[in-house]
Amino acid sequence: MSDNIRLRFAPSPTGPLHIGGLRTALYNYLISKKSKGKFILRIEDTDLKRYNKKAEKHILDSLKWCGISPDESPEKPGNYGPYRQSERKNIYKKFIAILIKSGNAYFAFDKKEKLEEKRKKCEKNGETFIYNWHNRLKFNNSLSIRNEKTKKLTQNNNYVVRFKTVHSGKSKNMITVNDEIRGKIQVDLNNLDDKIICKSDGMPTYHLANVVDDYLMKITHVIRGEEWLPSLALHCQLYNAFGWEKPKFAHLPLILKPTGTGKLSKRDGEKYGFPVYPIKWKDESKKSEIKGFKELGYESKALINFICFIGWNPGNENEILSLNELIENFSINRIIKSGAKYDIEKAKWFNQSYVRKLPNKTFKIILENKINISQLNSERINKIIELLKERLTFKNDILIESNNILEEPKNLDKNFINKEWSKDLNNVIIELNRYIKENHLIKPEKIKDYYLNQLKNNNIKIGIGMQALRLCIIGKISGPDLFIIIEILGNSKINKRISKTLNKIND
RNA sequence: GGUCCCAUCGUCUAGGGGUUAGGACACAUGGUUUUCAUCCAUGAAACAGGGGUUCGAUUCCCCUUGGGACUACCA
């Protein structure tokens, strides 16, 4: 039976995939994999005007980077294709005709502009504009106009098809729809619009295409964003009109702005400087490229772990879970109902945990690509990596950290020099430099012993002495273990650096 | 305006008729380290308000308030 479990992610390629969409995809993926079912990617490109070719690629590439691979998709068709709605136009036509024939839908001829005017007028008067049973006969449509005239009008191909909501004649017509996360929801059918299901360009709207495809593709669970909850009743009515069994529905809580109120928008990322896309996005209309999690150095595994926990948790105190562990632990009934604010700090924390688990080889490749480390043998490279690994939030930070060590200091901490530098201190360092030069094969441990001893003899605080020496070698008074740095750089380099720094200070 | 959804520390959340309301991030303090980071320990920090139901409510119900979504020939 579990073979029959089928879930889909059905994005609209009008813009880049953001983390909200990614989370929807992830949850669908997780449930399908947990029940050993199938995960389908369907491209909902029924809006010809807003279609963006780059967006579809962005969605595909993002999912790929995150390791969420569909079992069926436009690229990998299964038995239920095509998987792009623009290629399914004729299928929808057939089902729209069925609804018209059964009296569940009708042709409507009023121009969009005219209806908009009416809507505005109603709003002005504080009224609610609905196009449904209570006023549909007042508009131009195949219910209000005689048959011959209707035929003529439809021949012009200048019509839309509207779904005819049922009207019981009672003042209220309550039905119950079910959401797996929220439970039973009561809706008054009398308030439902006669929604357009077929546009004048012949393309279906989301509502129709979505329902038809979910049925045809044998989708068992519809997991989507909360913004779809208000149209759930309509979708249920469509299933009823066709006489189809409904899938299970779950509407995910929204991801909200980190500060203030409102749902997270694509602009927030630019405004606050945090990523909202998995991978970079460059729109033709905009010159600048927006960096994604990938470009900012996040691990895809960390991203997945992070977004999975916005709105879900396993019920125990484990937080670091691999994709396989998420599959194992995931369940629909532990999804949260309320919206969650997006907190990038937590994402950084997740990333840090994943960066630590990265093998040294990964860092070695980063270093090899960006800086010249040919003069270092692999043992030394490994030492650098081990030294710096636990200090990193992002794996690419190792470049900055290692540059601080490998490159001669450019700027010296002036504040420290002005405050703490003394003649005695100066002399002790000169003395140390000579000692290293004379014993150029000496081990860092011995250098440490010698230096600490000298500090003691000259009544210089160890802390100050260490900071001073560090300043001579890397220009800063804080950083990783100094004597490991000495070991990595080698005594002759240390000699050079100390001399140079002393010259600068004493100039 | 109408319809629907939601409400526990600053943030993500656990819990659920009787709990010292638990954890994580962030924050603060202390310890470790020569320093920073790490690591360890500790601390501060929450049941939106008002009514019910009940012996007892943060938990169940109602109202208020607040937040959100939808209200397109967009999805």
Side-chain angles (χ1 to χ4, degrees), chain A residues 10-15 44-47 49-50 85 108 110-112 115-116 119 122-130 159-162 177 179 181-182 185-188 191-193 195-207 209-210 224-233 251 253-254 256 258-263 306 309-320 334 336-350 352 356 388-393 401 448 451-452 455 461-471 476-483:
Chain A
S12 176
T14 54
E44 306 221 325
D45 53 350
T46 51
D47 188 351
K49 281 171 243 149
R50 293 204 308 155
Q85 289 188 327
D110 287 301
K111 287 261 156 57
K112 189 185 175 186
L115 293 174
E116 245 162 38
R119 189 169 285 122
C122 277
E123 264 172 38
K124 230 180 183 178
N125 299 335
E127 291 161 20
T128 311
F129 180 82
I130 309 179
Y159 62 87
V160 298
V161 178
R162 284 181 184 268
V177 293
D179 178 88
I181 297 169
R182 283 151 232 280
I185 297 164
Q186 294 243 315
V187 185
D188 186 355
N191 293 334
L192 242 49
D193 256 321
K195 278 282 174 204
I196 291 172
I197 55 174
C198 181
K199 300 182 267 187
S200 56
D201 64 2
M203 287 301 275
T205 57
Y206 171 89
H207 306 292
N210 195 264
R224 75 232 298 194
E226 200 191 299
E227 68 268 25
W228 293 112
L229 198 52
S231 28
L232 178 58
H251 293 85
L254 265 11
L256 275 13
T259 53
T261 59
K263 82 169 180 179
F306 164 61
F309 272 73
I310 305 178
W312 177 85
N313 69 80
N316 54 43
E317 278 165 13
N318 298 337
E319 287 202 90
I320 303 293
R334 288 204 68 88
I336 309 307
K337 286 182 197 161
S338 53
K341 284 186 177 163
Y342 178 71
D343 181 14
I344 197 66
E345 290 305 320
K346 194 95 185 200
K348 286 182 189 165
W349 175 78
F350 271 109
Q352 182 180 268
R356 283 201 192 153
L388 301 178
K389 209 171 176 178
E390 67 183 23
R391 308 173 68 82
L392 310 173
T393 302
E401 291 278 345
K448 183 179 183 181
Y451 187 56
L452 292 181
L455 290 174
K461 278 185 198 161
I462 293 177
I464 299 290
M466 293 301 290
Q467 286 179 318
L469 184 57
R470 186 187 303 277
L471 183 134
K476 294 182 173 73
I477 57 168
S478 64
D481 188 284
L482 188 52
F483 294 96

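Since this is a predicted model, take the numbers as computed values, not measurements. Each chain gets a letter, A, B and so on, in the order its sequence line appears, and its residues count up from 1. Keep in mind that the numbers below use all heavy atoms, side chains included, and drop hydrogens, waters and symmetry copies.
When side chains are defined from C-beta on, A:Arg182 counts as touching A:Glu226, because their heavy atoms get closer than 4.5 Å. For the pair A:Asp193 and A:Arg162, the minimum side-chain heavy-atom distance is 4.5 Å or more. Looking only at side-chain heavy atoms (C-beta outward), A:Glu390 and A:Arg356 come within less than 4.5 Å of each other. A:Leu232 is listed as a side-chain neighbour of A:Arg224, based on a closest heavy-atom distance under 4.5 Å.
Residue-level contact check: A:Asp110 touches the bases, meaning some heavy atom is under 4.0 Å from a base atom. Contact annotation for A:Arg224: no contact, since no heavy-atom pair falls under 4.0 Å across all strands. Within 4.0 Å of A:Thr46, counting heavy atoms only, lie sugar-phosphate atoms of the nucleic acid but no base atom. Heavy atoms of A:Leu469 sit nowhere under 4.0 angstrom from any nucleic acid atom. Across all strands, A:Gly465 comes closer than 4.0 Å to no nucleic acid atom at all (heavy-atom distances). Counting non-hydrogen atoms under 4.0 angstrom, A:Lys49 reaches the backbone sugars and phosphates but no base. A:Lys341 comes within 4.0 angstrom of sugar-phosphate atoms only, judged by non-hydrogen atoms across all strands, and of no base. A:Gly225 comes within 4.0 angstrom of nothing in the nucleic acid, heavy atoms only.
Rounded to whole Å, atom C1' of B:U71 lies 11 Å from atom NE2 of A:His207. Spacing between atom CG of A:Leu254 and atom P of B:C12 amounts to 13 Å, rounded to whole angstrom units. Between A:Glu227 atom CD and B:A72 atom C1' there is a gap of 15 Å when expressed in whole angstrom units. Rounded to a whole Å, the CZ atom of A:Phe350 is 13 Å from the C1' atom of B:U11. Atom-to-atom, OH of A:Tyr206 to P of B:A75 comes out at 10 Å; the value is rounded to the nearest Å. As a whole-Å value, the separation of A:Ile196 CD1 from B:C73 P is 4 Å. One can place CG of A:Asp201 at 18 Å from P of B:A72, the figure rounded to the nearest angstrom. Between A:Lys195 atom NZ and B:A75 atom C1' the separation is 12 Å, expressed in whole Å.
A distance of about 15 Å separates the P atoms of B:C62 and B:U53, rounded to the whole Å. Of the P atoms belonging to B:U3 and B:U8, the separation is 25 Å, rounded to the nearest Å. Between B:U42 and B:U34, the two C1' atoms lie 25 Å apart (nearest whole Å). Taking the P atoms as reference points, B:A26 lies 15 Å from B:C12, given to the whole Å. Between B:A46 and B:A7, the two C1' atoms lie 12 Å apart (nearest whole Å). Using P as the reference atom, B:U32 and B:A41 are 15 Å apart when rounded to the nearest Å. Using C1' as the reference atom, B:G50 and B:G66 are 14 Å apart when rounded to the nearest Å. Rounded to the nearest Å, the gap between the C1' atom of B:A48 and that of B:U58 is 12 Å.
Classification of the A:Phe350-A:Phe306 ring pair by plane angle, with boundaries at 30° and 60°, yields tilted.
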What string of B, S and - do you get for nucleotides 22-38 of chain B, 5' to 3', when a contact is any protein heavy atom under 4.0 Å?
SSBS--------BBBBS
Going 5' to 3' along nucleotides 2-7 of chain B, which nucleotides have protein heavy atoms under 4.0 Å from the base (write B), which only from the sugar-phosphate (write S), and which from neither (write -)?
SSSSSS
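Salt-bridge formation is detected for the pair A:Lys346/A:Glu319: a Lys NZ or Arg NE/NH1/NH2 atom is positioned less than 4.0 Å from an Asp or Glu carboxylate oxygen. Ion pairing of A:Arg119 with A:Glu116 is absent here, as no side-chain N (NZ or NE/NH1/NH2) approaches a carboxylate O to less than 4.0 Å.
Contact record, A:Ile477 with A:Leu471: CG2-CD1, 4.0 Å, taken as the closest heavy-atom pair. Summarising the geometry of A:Val177 relative to A:Ala233, their closest heavy-atom pair is CG1-CA, 4.1 Å, with the distance given to 0.1 Å. Closest approach of A:Leu256 to A:Gly339, counting heavy atoms only: CD2-C, 3.8 Å.
Panel note: side chain A:Arg470, backbone A:Pro480; a donor-acceptor pair is recorded below 3.5 Å.
At the phosphate of B:A14, OP1 or OP2 sits under 4.0 Å from a side-chain N or O atom of A:Asn313. Phosphate contact (OP1/OP2 of B:C74, side-chain N/O of A:Lys199, threshold under 4.0 Å): present.
Counting non-hydrogen atoms of other residues, nucleotides and ligands closer than 6.0 Å to CD1 of A:Ile320 gives a total above 12.
Partner assigned to B:U3 is B:A69, using Watson-Crick or G-U wobble distances below 3.5 angstrom. Base pairing annotation: B:A41 forms a Watson-Crick or G-U wobble pair with B:U29, both donor-acceptor distances under 3.5 Å.
Distance from the side chain of A:Arg50 is smallest to B:C74 among B:C74, B:G68, B:U13.
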